[in-house]
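What you are looking at is a predicted structure, and each value in this text was computed from that prediction instead of being measured. Residue numbering restarts at 1 for every chain, and letters A, B, ... go by the order of the sequence lines.
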Protein chains: 2
Amino acid sequence: MATIYDVARLANVSAKTVSRVLNEDGPVGPRTRQAVQEAIAQLGYVPSNAARMMRSNRSGLVGLITGAITAAQEPTHPAGLPDLLIVQGIQRVMADQDMTLMVADTGGRADRIPRLVRTFLEHRAEGLIYVADYHQRVRLPPVAGSTPLVLANCFDDAGTPAVLPDDRRGQHDLVARIAAAGHRRIAYLTLREDMVATSLRSLGYRDALAEAGLPFDPRLVQVAYLSDGEEDSRILVEAIDRLLELPDPPTVLCCGNDAMAMRVYGILRSRGVRVPEDMSVAGYDNHRIIAETLYPPLTTVELPYRDMGQRAAERLLACISGQGRDEPTPTLVSGPVLWRASVTDRPAANPRHISFNGRSEP
Amino acid sequence: MATIYDVARLANVSAKTVSRVLNEDGPVGPRTRQAVQEAIAQLGYVPSNAARMMRSNRSGLVGLITGAITAAQEPTHPAGLPDLLIVQGIQRVMADQDMTLMVADTGGRADRIPRLVRTFLEHRAEGLIYVADYHQRVRLPPVAGSTPLVLANCFDDAGTPAVLPDDRRGQHDLVARIAAAGHRRIAYLTLREDMVATSLRSLGYRDALAEAGLPFDPRLVQVAYLSDGEEDSRILVEAIDRLLELPDPPTVLCCGNDAMAMRVYGILRSRGVRVPEDMSVAGYDNHRIIAETLYPPLTTVELPYRDMGQRAAERLLACISGQGRDEPTPTLVSGPVLWRASVTDRPAANPRHISFNGRSEP
DNA sequence: CGGTGTCATGTCACCGATGACATAGGTGGG
DNA sequence: CCCACCTATGTCATCGGTGACATGACACCG
């Protein structure tokens, strides 16, 4: 690859003059500039960032560490790739700032993180972002040096700047909206209990009930986590059957995520329960391919991954420029409720108790 | 950040000796090595890749350009993010080779590509990969210099090395398997006709019919592309209704992708047609969150994105090392048929003609 | 006991760009 | 008319590593 000296020789000027043309530094005569630009074009010269960096000490690089890319293939996370939307949001902000994003993937193995961090430090990344695939607590090895770190979709105990989804508020907004639509018996099928999102959303659910003046009925809350295996839908089936058999059954099922809602559609149909005529269903995540393609389209809450990425990027840039005071408060990001046809606006006051028998259709 | 000279001073040796310890170059005395390592640890020293690169001329970087990350948000591509799996496959191979992947996103605007390429060249990336979000023909600006380029999920007219899904074979394998299961009337609901995948898969469909000794009936092939808008499901509904009204209706519907299959489930159910008892359904892509979560689970063809990424990465590495002769032949990658419960293994020989009336359930 | 390796380490130049400073004309004010 | 000043350009050192080569201290061999 051609160097600045090759250009200088071809244009019959000094390397410094070429540098001036490139960076619009000091004054350059019009015909000299012309000659230099022609030489650059002719040689296909592209300046070397490495050499530049040695003097300026600015790499223009930001490192991103995620388990997202690889984790998506693991059956552990059936939800798939939504966390990559975070990467998207980050990428966009960085591109606007002329920063280049370097992406590394843990391959699902946390023990690789130190090596990745080291690689980024070798490239003198100006900051690092760690993106988790779902809202969780993490414990990362300390980053050597003064390179700032921001956590996205996760947090730690060390007060590292973090950007998190506002699960409590999201579930609250959804349930509040559902209550406003006239529903009084609102069931909640939760994800695994040990997930951060589950406990936060449960709080949001109760917040909204209280605000709406509705009583909290523990029988309406069921843990119905589905991992990948098919047999696990048994848990979900049983949970739904229990709800349907209640003397005063719910008129709407809020699901832990959209994938669960999709299964719920199938299960309800196999019971002869129509969605939304007999039973409304709501999800969480706004996993669009599901929510928009299902029939009827699914009412859900946007999990604002892209916004979170954007906020994380902005927070990191603030840290890099040194302006951002290192407030340990996590940034909470909330998304809107997306009201679609899967939840009726005026539920029947007292829906008839629906009988069913096994999996056969009515 | 500490330099090699800081380490040298602290360890009372020359910088070169530190370099030797780091790279296990020439011989170093045991106590000297010890002292150097302690100094490195104490200072948290990390060597600068930029400085290293200036001499060795090896950056260890590979540039990846994609519209994937941003395009996923656009409503144009309801399929979402599967192409990111390609990135995943690439990432894995590169990590194994101690290469760092730099990812840039076009934000859906092709006019940004030259700038991104330039950035990568400034960083002296040793090779570039362009990843498209669906199988298509592209036209990229030429990459200045001798930096090799590989196309993934797309191809051009210039003979640039490319890695592509074997759509023809995939559809063939699926239809062949379905025919082997005893189906004789196999319908095909295609994606948009102008897509590369559509024409290739149509060929595969006909290949398989011919092999199985089944006649080709043009009435069984319907263009049923669904873009994002809801009203477009009308096209799909009409296509299905036409098929159901045939005097000799199909026993199985092959869909252009899994998302379409998901809609087909809903439409069939609204017609009182049971899946798979009355009608089998197959998809394409193995979009796992759909295929595995639907009830019944969806028979589909794996679109081997991850493999494609891997192959693209390997091909690029071959180009970089100069071994790989620049064969302009595209690499075709095929994925397996995933046989699940949505297609019956022994269809009724002559399924009764199913009557329906509008959207009401039976 | 001198020559010849080998080991352990140091010296120096160089990779490609740029900052600090120098220099050579031309221009205008006092 | 001379000097201060601006414009256009060049010179040189430097950033942080590493390759090429040098050096000093032993050890081994004939």
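The line from OG1 of A/Thr100 to CE of A/Met102 is 9.0 Å long, rounded to the nearest 0.5 Å. Of the inter-residue distances, the one linking A/Phe155 atom CZ with A/His135 atom NE2 reads 5.0 Å to the nearest 0.5 angstrom.
Side chain of B/Gln136 to backbone of B/Tyr134: a donor-acceptor contact under 3.5 angstrom is found. Listed for the A/Ser59 side chain is a donor-acceptor partner under 3.5 Å among the backbone atoms of A/Arg124.
For D/dT18, one of the phosphate oxygens OP1 or OP2 lies less than 4.0 angstrom from a side-chain nitrogen or oxygen of B/Ser19.
Within the structure, salt bridge (Lys or Arg N to Asp or Glu O under 4.0 Å) pairs that include any residue of residues 147-157 of chain A comprise A/Arg137-A/Asp157 (at least two apart or interchain). Residue pairs meeting the salt bridge (Lys or Arg N to Asp or Glu O under 4.0 Å) criterion with at least one partner in residues 4-14 of chain B, sequence neighbours excluded, are B/Asp6-B/Arg9.
What separates CD of B/Gln34 from P of C/dA8 is a distance of 16 Å, to the nearest Å. Note: CZ (B/Arg58) to P (D/dT18) measures 13 Å, nearest angstrom. A/Asn49 has its CG atom 16 Å from the C1' atom of D/dG16, to the nearest Å. As rounded to whole Å, 14 Å separates atom C1' of C/dC21 from atom CG of A/Asp25. Atom pair B/His123:NE2 and C/dA17:P shows a separation of 14 Å (rounding to whole Å applied).
With sequence neighbours excluded, the residues forming a salt bridge (charged side-chain N to carboxylate O under 4.0 Å, His left out) with B/Arg58 are B/Glu126, listed by chain and number. In this view, B/Thr331 and B/Arg315 satisfy the side-chain hydrogen bond (donor to acceptor under 3.5 Å, both in side chains) rule, not counting sequence neighbours. Legend: residues meeting side chain to side chain contact (heavy atoms under 4.5 Å, CB included) with A/Arg112, ordered by chain and number and at least two apart, are A/Arg109. Residues satisfying the side-chain hydrogen bond (donor to acceptor under 3.5 Å, both in side chains) criterion with A/Gln42, sequence neighbours excluded, are absent altogether. For B/Thr147, there are no side-chain hydrogen bond (donor to acceptor under 3.5 Å, both in side chains) partners two or more places apart in sequence or in a different chain. Evaluation of the side-chain hydrogen bond (donor to acceptor under 3.5 Å, both in side chains) rule for A/Thr119 yields no partner, not counting sequence neighbours.
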When you compare the protein's N or O atoms with those of nucleotides 23-26 of chain C, which come within less than 3.5 Å of each other, and at what distance?
none

Which pairs, protein N/O on one side and nucleotides 13-16 of chain C N/O on the other, fall under 3.5 Å?
residue: C/dC14; atom: O2; partner: B/Arg55; partner atom: NH1; Å: 2.5
residue: C/dG16; atom: N2; partner: A/Ala51; partner atom: O; Å: 3.3

Between the protein and nucleotides 7-10 of chain D, are there any N/O to N/O pairs under 3.5 Å, and if so, what are the atom names and distances?
residue: D/dT9; atom: OP1; partner: A/Thr32; partner atom: OG1; Å: 2.4
residue: D/dT9; atom: OP2; partner: A/Gly29; partner atom: N; Å: 2.5
residue: D/dT9; atom: OP2; partner: A/Thr32; partner atom: OG1; Å: 3.2
residue: D/dG10; atom: OP1; partner: A/Ser14; partner atom: N; Å: 3.4
residue: D/dG10; atom: OP2; partner: A/Ser14; partner atom: N; Å: 2.9
residue: D/dG10; atom: OP2; partner: A/Ser14; partner atom: OG; Å: 2.8
residue: D/dG10; atom: OP2; partner: A/Thr17; partner atom: OG1; Å: 2.5
residue: D/dG10; atom: N7; partner: A/Arg20; partner atom: NH2; Å: 2.7

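Summary of helix geometry: the two end axes of the helix from C/dC1-D/dG30 to C/dG30-D/dC1, each defined by five base pairs via their C1' atoms, are inclined to each other by 50° (rounded to 10°).
A salt bridge is defined here as a Lys NZ or Arg NE, NH1 or NH2 lying under 4.0 Å from an Asp or Glu carboxylate O, and A/Glu122 with A/Arg118 meets this definition.
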